Undergrad: 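First, the structure itself, so that you have it in front of you.
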Amino acid sequence: VNVDTSVVAEALASALGPERVSVEPRDLAAASRDESDLPPVAPACVCRPASAADVAAVVRVAFDNRVPVTARGGGSSLEGSSIPAPGAIVVDFAAMDRVIEVSTEDRLAVVQPGVVFDRLNASLRPTGLFFPPSPGGSGDVATIGGMVSTDASGLYALRYGGTRRWVLGLEVVTGRGEVLRLGGRVPKSSSGYGLRDLVVGSEGTLALVTEVTLGIAPVPAASARVALAFDDLAGACETAAEAAAFVPELAAVELVDRDTLDALRRLPGFGDVPACHALFAETHGRPGECEAGLDAVRAVARERGGREVAAGADPWDLRHRVTRTVRESAGTAGVARTDCAVPLTRLAAFVAEVSSAAAGRRTHVFGHVGLGIVHCLMPLGGPAAWTREDACAMKARLAALAVAMGGVVSGEHGIGLAMRGALRDAGPAQVELMRAVKAAFDPAGILNPDKILGQR
Ligand SMILES: Cc1cc2nc3c(=O)[nH]c(=O)nc-3n(C[C@H](O)[C@H](O)[C@H](O)COP(=O)(O)OP(=O)(O)OC[C@H]3O[C@@H](n4cnc5c(N)ncnc54)[C@H](O)[C@@H]3O)c2cc1C
């Protein structure tokens, strides 16, 4: 980008007001990274719009000057999606954090994109309704705009689906600076091309989301949980796959492997976490149904060598701490990761392949296995660490294996910077079609231009 940054910053300051535009080194540094361990990239400036009109004004300045724009919610992306494009204007949605409307009659909530997931559900609690697709351990920072833009999913996606299923309508600003409404306030539409669904999961490359209309669901009447221990990883995977397929009350089934539990055991208050591969399962429904569902899970587990245990801590608290704890164990070197998804019938084979390809290097396997999503964290520091080169080769190898099994390269974290090669290898013609879609939304190619597709 060959543009005078001060000219752009001045144009933005006159459009939004100077208090909404920063070139302070501290603000640039804070916006330069996400939760991946990829190198930071400092943006040219950071804007904090207050409205869709502000966002459209920013995009028009960027369009006229051909400057890239990277949207930023909580910055909790794990694959580099929210690391700014070089020389970018960062649009930080922190100031657009209002819950605009909750309609219990239409079962929907209208929110600005900067609303944080946990805060949305806390504000819905009095209504007895909730927004189900929890983003796991990042619920305290992930915003609805970020979740829409990565199609985030988490613990309860097995029963309720990912974010896409709940997005009824969007207000967006395209790469030309037009404000458009996509979808509406209804759960079903047969009204031409699914433009709303193209924006969901597009990581800020097609449009900036300025308002979201979300479906919300009744909080289940009851829920019940069980923790199951296995000596054998295959037994845990087979149990998860069979339970997910045949126990309709199951809302979540999470795998945490032995190496990961070993890392968690060092946390204060987690000393009595058992030494095993663990599955944590939760059922939702009426009280009797929940227990019946758990009994069915227990029965499958027994057949596969599993036993019920006290988790030694709240299983979901334990599960939520996995990503951050393993990352800390790698010191400043950080971690590399995969989040492939495979069909349930291939889950055990996929996980076995992860273990054999790890060849003694410390590898933490966990994930929303009821959906076939397998996270594999490869520490780049600490004992038995991976080299970055080997970890990148492993990412490519597992992504190719997942696709060969009928799965996908990313089940929920997105493509960002780190999975672009894997996406291209999985379908070069599909990536070219995505490029054509991007050109229609963003003709000057300014919206988060280095993400998902990369250079031709
Ligand atoms: C500890 C931990 C656990 C996690 N667990 C999960 C999990 O279980 N499931 C899961 O799905 N993810 C998980 N994640 C990843 C991450 O939290 C999700 O991808 C989340 O949806 C990102 O939200 P965010 O607000 O932080 O977005 P950001 O990181 O700020 O942005 C993500 C992408 O969305 C774009 N974007 C943000 N806001 C907008 C907007 N308003 N308009 C257009 N584009 C926008 C950004 O440009 C970027 O491409 C985890 C992360 C951490 C750190």
Side-chain angles (χ1 to χ4, degrees), residues 30-31 33-37 43 49 52 55 58-59 68-85 88-97 111-120 133-157 162-164 167 170-175 199-212 252 254 316 319-328 335 337 339 341 366-368 371 373 375 377 410-417 441-442 447-452:
R33 53 176 74 247
D34 63 3
E35 288 285 329
S36 70
D37 288 300
V55 176
V58 173
V59 174
V69 175
T70 297
R72 186 174 185 85
S76 68
S77 160
L78 295 171
E79 295 294 353
S81 315
S82 43
I83 293 178
I89 301 167
V90 164
V91 177
D92 177 343
F93 282 96
M96 291 178 68
D97 66 345
V111 303
Q112 289 189 308
V115 173
V116 170
F117 171 83
D118 281 351
R119 194 166 74 74
L120 173 61
S134 145
S138 65
D140 54 343
V141 286
T143 63
I144 300 303
M147 289 184 68
V148 168
S149 302
T150 53
D151 189 13
S153 53
L155 302 182
Y156 301 123
T163 300
R164 184 187 303 278
V167 177
L170 293 176
E171 178 189 70
V172 301
V173 175
T174 68
V199 173
V200 178
S202 67
E203 300 179 33
T205 63
L206 299 183
L208 303 192
V209 174
T210 51
E211 189 184 287
V212 187
E254 295 286 312
W316 290 153
R319 171 65 187 86
H320 282 157
R321 289 167 185 253
V322 167
T323 302
R324 287 172 178 151
T325 305
V326 173
R327 189 170 174 209
E328 278 157 24
V335 294
R337 54 170 53 79
D339 83 312
F366 60 99
H368 316 304
L371 286 176
I373 295 177
H375 298 317
L377 284 187
S410 170
E412 63 179 21
H413 295 161
I415 302 301
L417 295 167
F441 275 87
D442 174 26
L447 298 184
N448 221 6
D450 49 350
K451 310 304 167 356
I452 302 183

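When reading the values below, keep in mind they use all heavy atoms of this one structure, side chains included, and skip hydrogens, waters and symmetry mates. Since the model is a prediction, treat every value here as computed from it, not as a measurement. Every number for a ligand or one of its atoms is a count from 1 in the order of the listing.
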Undergrad: State which residues pass ring-ring contact (aromatic ring centres under 6.0 Å, His included) with Tyr156; sequence neighbours excluded, sorted by chain then number.
TA: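 With neighbours one apart ignored, the set is His284.
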Undergrad: Taking only residues two or more places apart in sequence or in another chain, which ones pass side chain to side chain contact (heavy atoms under 4.5 Å, CB included) with Glu79?
TA: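 Scan of Glu79 (side chain to side chain contact (heavy atoms under 4.5 Å, CB included), adjacent residues dropped) gives Arg337, Lys395, His413, Ala418, Met419.
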Undergrad: Are side-chain N/O atoms of Glu203 and Ser81 paired as donor and acceptor at under 3.5 Å?
TA: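 Per modelled atom types, Glu203 and Ser81 side chains form a pair under 3.5 Å.
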Undergrad: Under 4.0 Å between a Lys/Arg side-chain N and an Asp/Glu carboxylate O for Asp34 and Arg72?
TA: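 Judged by the 4.0 Å cut-off on N to carboxylate O distance, Asp34 and Arg72 do not form a salt bridge.
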Undergrad: Give, for atom OG of Ser36 and atom CG of Leu417, the distance between the pair rounded to the nearest 0.5 Å.
TA: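 Atom-to-atom, Ser36:OG and Leu417:CG are 7.5 Å apart.
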Undergrad: Using distance only, find each side-chain donor-acceptor pair of residues 135-145 under 3.5 Å and give its atom names and separation, not counting sequence neighbours.
TA:
| residue | atom | partner | partner atom | Å |
| --- | --- | --- | --- | --- |
| Ser138 | OG | Pro135 | O | 3.0 |
| Thr143 | OG1 | Gly146 | N | 3.0 |

Undergrad: Might you list the protein residues in contact with ligand 1, defined as having a heavy atom under 4.0 Å from one of its atoms, sorted by chain and number?
TA: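 Close residues (ligand 1, cut-off 4.0 Å): Glu35, Ala71, Arg72, Gly73, Gly74, Gly75, Ser76, Ser77, Leu78, Ser81, Ser82, Phe93, Pro113, Pro135, Gly136, Gly137, Ser138, Ala142, Thr143, Gly145, Gly146, Met147, Ser149, Thr150, Ala152, Ser153, Glu203, Gly204, Ala207, Leu208, Val209, Thr323, Arg324, His368, Glu412, His413, Asn448.
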